[in-house]
Amino acid sequence: MKYLFILFLISFNLNAQFLLEHDKQLHIGGTYIISSATSSYVLNQTDNRSKALLIGFGVGFTAGIAKEIWDINNGTPDLADLAADAIGAALGSVVVTIPLQRKRKH
């Protein structure tokens with residue numbers, strides 16, 4: 001049965017991110033990294049999840065806005081890039097601030 005399942009999986013061409021163009025993936029990934037690193041730093045310094053969430057999102061999205069401002073003079077600005085930046089920044093800050101364990105009440 002295991003070999004049949006492996007053969008079944010190998011027979012398909014799986015591409016998980018076929019809906020987004022490459023540029024949008026880069027925007028999501030870049031702002032995800034920036035916001036998750038910032039959220040992690042703020043969470044470690046303050047132990048305040050809501051502050052880490054807001055600051056992480058803000059820094060990641062601000063980086064995306066700065067990139068689009070730079071694109072006005074040097075590239076091709078796109079509002080869809082800002083949407084991708086917002087998604088990446090939100091995901092990065094939310095993932096870091098999810099509590100891994102709940103403290104049990106005794």
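FYI, side chains are in, hydrogens and waters are out, and symmetry mates aren't considered; it's all heavy atoms of this structure.
- Put simply, OG1 on T97 and CG on L43 are 7.5 Å apart, with the number rounded to the nearest 0.5 Å.
- With rounding to the nearest 0.5 Å, the separation of CD1 in I28 from CG in D81 is 10.0 Å.
- In the displayed structure, K51 atom NZ is contacted under 6.0 Å by at most 12 heavy atoms of other residues, nucleotides or ligands.
- Judged by distance alone, the side chain of S36 and the main-chain N or O of G92 form no donor-acceptor pair under 3.5 Å.
- Minimum interatomic distance between A89 and S35 (heavy atoms only, all atoms of both residues): O-OG, 3.1 Å.
- For the pair I87/K24, no side-chain contact is recorded, criterion being any heavy-atom separation below 4.5 Å from C-beta on.
- L53 has its side chain out of reach of R49: every pair of non-hydrogen atoms, C-beta onward, lies at least 4.5 Å apart.
- Side-chain N or O atoms of S39 include one that pairs as donor or acceptor with a backbone N or O of A52 at under 3.5 Å.
- Atom CD of residue E68 and atom CG of residue L79 lie 8.0 Å apart, to the nearest 0.5 angstrom.
- Within the model, atoms OG1 of T31 and CG of D85 stand 5.0 Å from one another, a figure rounded to the nearest 0.5 Å.
- Looking only at side-chain heavy atoms (C-beta outward), V59 and I34 come within less than 4.5 Å of each other.
- With a 4.5 Å cut-off on side-chain heavy atoms, L82 and I65 count as touching.
- In this structure, the side chain of S93 does not engage the main chain of G56 through any donor-acceptor pair within 3.5 Å.
- Transitive grouping of hydrophobic side chains (ILVMFWY, heavy atoms separated by less than 4.5 Å) brings I69 and F61 into a common cluster.
- Enclosure of atom CG in D47 is not indicated, since only 12 or fewer non-hydrogen atoms of other residues, nucleotides or ligands lie within 6.0 angstrom.
- Between Y41 and I55, the closest side-chain pair of non-hydrogen atoms is not below 4.5 Å.
- Residues F57 and A86 come closest through the heavy atom pair CE1-O, 3.6 Å.
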